[in-house]
Chemist: 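Below you will find the structure I want to go over with you.
Reckoned from all heavy atoms, side chains included, excluding hydrogens, waters and symmetry mates.
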Amino acid sequence: MEKLSGKLDQRSVEKLWERKDAIFSSDGADLTDVTSVDSAGVAFLTLWAKNSPAGKLHIRNMPEDAVKLVHLFHTEPLFVFSDEHEKAESKEESSAEEQV
């Protein structure tokens, strides 16, 4: 899983593009440390998904602004989202229910 950080915008996409072959060989992106994503960032993630070995991109902790853009562009089928925080909360809720 490729770990990205900072802003995923036009400027950072230009830098990432230089190593796209290595990045696109992975089928996962950890966006935990990404602070914001603009349309150029979503376009990069979309191309990554289309070129990944699985044809889909597994994304961990997608920022909310990026989720909104993905929905706006109707590219949801290209992504599999996971959120570590949601998983931790679900485990806690399951444990609490089992104890009742």
Side-chain angles (χ1 to χ4, degrees):
M1 183 164 284
E2 187 78 25
K3 188 163 178 64
L4 303 178
S5 62
K7 292 181 179 181
L8 190 54
D9 58 10
Q10 182 181 359
R11 187 174 299 182
S12 64
V13 166
E14 288 175 6
K15 292 176 184 172
L16 290 169
W17 193 255
E18 295 171 5
R19 55 187 193 97
K20 71 175 172 31
D21 292 335
I23 292 172
F24 288 2
S25 68
S26 171
D27 65 353
D30 183 350
L31 304 184
T32 302
D33 296 329
V34 170
T35 56
S36 66
V37 180
D38 70 4
S39 59
V42 172
F44 182 79
L45 294 172
T46 300
L47 283 172
W48 184 354
K50 288 182 174 184
N51 288 283
S52 73
K56 286 189 174 218
L57 186 62
H58 294 263
I59 298 182
R60 182 179 300 150
N61 297 320
M62 177 87 113
E64 189 60 34
D65 55 350
V67 172
K68 289 177 183 175
L69 288 172
V70 164
H71 290 298
L72 178 69
F73 300 145
H74 304 288
T75 55
E76 301 96 329
L78 295 172
F79 303 104
V80 177
F81 300 105
S82 67
D83 185 346
E84 290 177 349
H85 304 295
E86 285 179 9
K87 288 180 182 178
E89 288 173 6
S90 292
K91 281 186 177 182
E92 288 174 9
E93 288 174 7
S94 295
S95 295
E97 288 175 4
E98 289 174 5
Q99 292 175 0
V100 174

Chemist: Roughly how far, to the nearest 0.5 Å, is the CG atom of L31 from the CG atom of L8?
Modeler: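 Atom-to-atom, L8:CG and L31:CG are 7.0 Å apart.
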Chemist: Using a cut-off of 6.0 Å, state whether more than 12 heavy atoms not belonging to K20 lie near its atom NZ.
Modeler: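 Result for NZ/K20: enclosed.
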Chemist: Where the side chain of S25 meets the backbone of A22, is there a donor-acceptor pair that is under 3.5 Å apart?
Modeler: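 Looks like yes, one N/O pair under 3.5 Å.
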Chemist: Whether the T32 and N61 side chains hold a donor-acceptor pair (N or O, under 3.5 Å, no angle test) is what I'd like checked.
Modeler: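 Side-chain D/A pair, T32 to N61: present.
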Chemist: Linking I/L/V/M/F/W/Y whenever any side-chain heavy atoms sit under 4.5 Å apart, do V67 and L69 land together?
Modeler: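 Cluster IDs for V67 and L69 match.
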Chemist: If we only count heavy atoms from C-beta on, is the D38 to V13 side-chain gap below 4.5 Å?
Modeler: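 No, too far: nothing below the 4.5 Å cut-off.
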Chemist: Checking side chain to side chain contact (heavy atoms under 4.5 Å, CB included) against L57, which of L45, N51, L78, L47 comes through?
Modeler: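 That would be L45.
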Chemist: Take a 6.0 Å sphere around CD of E76 and say whether it holds more than 12 heavy atoms from other residues, nucleotides or ligands.
Modeler: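 Atom CD in E76 is packed in, count exceeds 12.
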Chemist: Counting only N and O atoms by type, is there a donor-acceptor contact under 3.5 Å from the side chain of S12 to the main-chain atoms of K7?
Modeler: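 At least one qualifying donor-acceptor pair exists.
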Chemist: Could you tell me whether the side chain of D65 and the main chain of V37 form a donor-acceptor pair under 3.5 Å?
Modeler: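 Side chain of D65 to backbone of V37, a donor-acceptor pair under 3.5 Å: yes, one is there.
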Chemist: Counting heavy atoms not belonging to K50, are there more than 12 under 6.0 Å from its NZ?
Modeler: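 12 or below, so no.
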Chemist: Roughly how far, to the nearest 0.5 Å, is the CE atom of M62 from the CD atom of E64?
Modeler: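 Going from the CD atom of E64 to the CE atom of M62 covers 10.0 Å.
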Chemist: Check S52 against S26 and note the closest heavy-atom contact, atom names and distance.
Modeler: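 So the two residues come closest at CB-O, 3.7 Å.
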Chemist: Apply side-chain contact (heavy atoms from CB on, under 4.5 Å) to T46 and F79, showing your working.
Modeler: CA-CA 8 Å; T46 300; F79 303 104; 3.8 Å; yes
Chemist: Please work out whether the ring planes of F24 and F44 are parallel, tilted or perpendicular, with thresholds of 30° and 60°.
Modeler: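 F24 vs F44 ring planes: tilted.
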Chemist: With the 4.5 Å side-chain cut-off for hydrophobic clustering, are V80 and F73 part of the same group?
Modeler: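 Different clusters: V80 never reaches F73 through Ile, Leu, Val, Met, Phe, Trp or Tyr contacts under 4.5 Å.
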Chemist: Can you tell me how far apart CG (D30) and NE2 (H58) are? Round to the nearest 0.5 Å.
Modeler: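 Here the interatomic distance stands at 13.5 Å.
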